[in-house]
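The structure under discussion appears below in the form of C-alpha cells.
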Amino acid sequence: MSRCVVIGSGAREHALAWALAKSADVVVTPGNAGIAAHGITCVMTPATQLEADLFVIGPDQQVVDGLADNLRSQGKIVFGPGADGAQLEGSKAFMKEFLASAGIPTAAFGVFDNEDDAIAYLATMSAPYVIKTDGLAAGKGVLVTKDLDEAVADVREKLSGMSFAGAGRTIVIEEGLDGPECSLMVLCDGKNVTALATSQDFKRVGDGDVGANTGGMGAFAPFPMMTSELLADVMENVVAPTVRELARRGIDYRGVLYAGVMLTSNGPKLLEYNARFGDPETQVLVPLYGDGFFDLLSRVANGDLDGAAPESKGAAVTVVLAAHGYPGAPRKGDVITGLGPNGQLAEPVEGVTIFHAGSARNNEGQFVTAGGRVVAVTGVGDTLEQARSRAYRGASLITFEGRVMRSDIALSIAGGAT
Ligand code: AMP
Ligand code: GLY
C-alpha cells in the first residue's frame, strides 16, 4: 500500500487523513488525540524526517512558510504549493495585485502602509467599508463595517502594527460587495485544474450570521446557488486566468486553489484565494469522494491531473462544536461526553463521522476540550436535508460545559429544525 503523510493537527487534517486512509497507509504529524483514537497513526516527528509516497500539507502557515519547497528539495512528492504560489494567501496585497494584472473580477481596492493615504482613500468609498490585514491573521484580520468612524479607527489600529504580530502593517481597503458566498476548491497540478464540489461555510459565531468572526462554525456541500452556469463562468473568468498568470510568473502551483467567491448582482467576484484546503469545508468535501482521494491528490502532486475529478456523490453538513469562550480565549479541560474510546459517537448515528480539532485526553482517558474548535460533526446523506438532520442528531449526542454551536448551518437551504 502507498504511504502518505498528512501535516497538521485540526479537524481538516483528521478529515483528510480519514479519506486518504481508505486507500493508503497514513501518518499524521503531529495530529491530535481524536485522530489517533480513530486508528490513524500520529507522530511528533517533523515531516522532513519522514518518508512517504505523498505529503499533504494542511495548515496555511506551513504552506506560506515554504514547507512544500523544503520537502521538494528532499525529492519528496508534495501536495501543496511552494512559498511563491502561497503568496496568494499569505499576502492580500500580492493577491489583489495578481488579480488586477490577470484581469480577474474582484472588489476595487487600494493597498496602504500610510495612515493618511488610507484614510483619504476610505473617504472616497461608500459603506460598507472593508479593511484587511495583509498577512495571515487566522481568519480574523478582516473588518466589514458601515460605520466610517469604526473603519478609521481600525485603519489606525492595524497600521500601528499592534495587531496580528505585524501582519497588519500593510492593509488592503476594498469596495464592499454583497451576495451569497461560495467556497470553491479547485485542484491544480501546475497546468490542469479540476473543481471539487462547491460548499459554503459559516464564519460568524452566532445564528443568523451575527457576532464575531471565527475560524468557521460549520459548512455544507454542495452549494446549490452555484449553478453549473455560474461555475462555468468562474472557471473561465477566475480560475483559468489565475492558472495562466501563475504560469506567466513561473509558479508551478500543485495543490488546492481555494477561491472564496461572492455571487454579486454583477456576477461572481473573487473575494480571496487560499492556498490550502478550507476548514471546515474539507470536512464536508472529502466524504463525497469515496475512496479515490489518495489517487486524486497524488496525481495533483505528480503534475499528472488529466481529466476531471470524480463526480461527488450525495451531500454533507458539518456542525462545529467549540469551547466555552470561543472565538475569544477558549476554556480547556471540560470533559466531553458522548464519545467512545475511538473518539467517535458512543451511540453511532448512520452517516455521521466526528473529526477532532481541539480535543485531548485527560489522565482518566476521557476526551476533554483543548482548543477553540473542539470537534466537527459531519453528517452525509443522499440529500442536504438528510445530511443536516444526521449532523445535528450526532451533535446533540456530544456535550460539554459551555459548548458553543450554531443551530442554523445549512438551514436556509436544507430546511429542518433549528
Ligand atoms: P476574507 O478573509 O478576505 O475572505 O474575508 C473574510 C470575510 O469578510 C469574507 O468571507 C466576507 O464575508 C467578508 N468580506 C471580505 N471581502 C469583502 C468585500 N469586499 N465585501 C464584502 N464583504 C467582504
Ligand atoms: N473556511 C475558511 C477557511 O478555511 O479559510
Side-chain angles (χ1 to χ4, degrees), residues 8 10-13 15-16 57-61 63-64 86 88-96 99 104-111 122 125-146 151 154 158 164 167-168 171-185 196 198-205 209-221 223 255-266 268-285 318 320 327 355 357 372-373 376 406 409:
R12 165 184 50 206
E13 288 76 26
L16 287 169
I57 309 175
D60 51 8
Q61 190 73 56
V63 179
V64 169
L88 280 178
E89 171 159 13
S91 165
K92 290 197 190 282
F94 173 90
M95 184 256 296
K96 293 294 282 189
L99 300 182
I104 292 168
T106 188
F109 71 101
V111 177
L122 260 186
M125 311 288 283
S126 48
Y129 307 98
V130 181
I131 296 140
K132 302 184 175 184
T133 52
D134 177 50
L136 293 181
K140 294 166 191 150
V142 177
L143 175 75
V144 181
T145 178
K146 295 193 170 122
D154 190 62
K158 282 178 174 151
F164 309 114
I171 59 170
V172 175
I173 298 178
E174 284 185 17
E175 167 197 14
L177 300 174
D178 195 25
E181 287 178 56
C182 176
S183 300
L184 172 66
M185 276 176 258
L196 297 175
T198 53
S199 55
Q200 188 175 48
D201 76 338
F202 291 71
K203 290 189 173 133
R204 303 268 178 175
V205 72
D209 283 330
V210 298
N213 253 320
T214 71
M217 296 302 294
F220 69 89
F223 181 56
V256 61
L257 259 175
Y258 159 168
V261 179
M262 193 173 260
L263 304 177
T264 76
S265 51
N266 293 322
K269 302 217 174 170
L270 188 78
L271 286 188
E272 62 162 346
Y273 266 133
N274 294 314
R276 38 80 201 172
F277 280 108
D279 188 349
E281 291 96 325
T282 302
Q283 292 89 304
V284 287
L285 279 192
T318 287
V320 169
F355 297 120
R373 291 184 290 177
R406 276 184 69 159
I409 306 300

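Note that ligands are numbered from 1 as they come in the structure, with each ligand's atoms numbered from 1 the same way. Both backbone and side-chain heavy atoms feed into the values below; hydrogens, waters and symmetry mates do not.
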Proximity of R276 to ligand 2 by residue part, where a heavy atom lies under 4.0 Å: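 It is the side chain that touches ligand 2; the backbone stays farther off.
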D60, portion touching ligand 2 at heavy-atom distance under 4.0 Å: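 It is neither; nothing of D60 touches ligand 2.
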Can you list the ligand 2 atoms lying under 4.0 Å from a non-hydrogen atom of [X]?
| X | answer |
| --- | --- |
| G278 | 4 (O) |
| N274 | 5 (O) |
| D201 | 1 (N), 2 (C) |

With a 4.5 Å heavy-atom cut-off, do [X] and [Y] have their side chains touching?
| X | Y | value |
| --- | --- | --- |
| L88 | L257 | yes |
| V210 | R204 | no |
| T318 | F202 | no |
| V63 | Q61 | no |

Sub-4.0 Å heavy-atom approach of G260 to ligand 1: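 Heavy atoms of G260 never come under 4.0 Å of ligand 1.
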Ligand 1 contact by K92, heavy-atom criterion under 4.0 angstrom: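 The answer is yes, since K92 has a heavy atom less than 4.0 Å from ligand 1.
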Carboxylate-amine/guanidinium proximity below 4.0 Å for K96 and E174: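 A salt bridge links K96 with E174.
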Lys/Arg N to Asp/Glu carboxylate O, D209 vs R406, below 4.0 Å: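 A salt bridge links D209 with R406.
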Ligand 1 atoms in contact with G176 (distance to a heavy atom under 4.0 Å):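 The atoms of ligand 1 under 4.0 Å from a heavy atom of G176 are 20 (N).
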Distance filter under 4.0 Å to A107 heavy atoms, resulting ligand 1 atoms: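 Ligand 1 atoms under the 4.0 Å threshold to A107: 19 (N).
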Partner of D154 under side chain to side chain contact (heavy atoms under 4.5 Å, CB included), chosen from T145, L143, I171: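 The single option meeting the side chain to side chain contact (heavy atoms under 4.5 Å, CB included) with D154 is L143.
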Within-cut-off N or O pair, E281 and ligand 2, under 3.5 Å: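 Yes.
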Short N or O distance, E272 and ligand 2, threshold 3.5 Å exclusive: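 No, E272 has no N/O under 3.5 Å of an N/O on ligand 2.
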N or O contact, L177 vs ligand 1, cut-off under 3.5 Å: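 Such a contact does occur with ligand 1.
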Part of E175 with heavy atoms under 4.0 Å of ligand 1, whether side chain, backbone, both or neither: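 Under 4.0 Å from ligand 1, E175 contributes backbone atoms alone.
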Over all atoms of both residues, closest heavy-atom pair of P327 and V205: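 Heavy atoms only, the tightest pair is CD-CG2, 4.0 Å.
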Any donor-acceptor N or O pair under 3.5 Å, side chains S199, E281: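 Their side chains do not contain a donor-acceptor pair, so the 3.5 Å distance test is not met.
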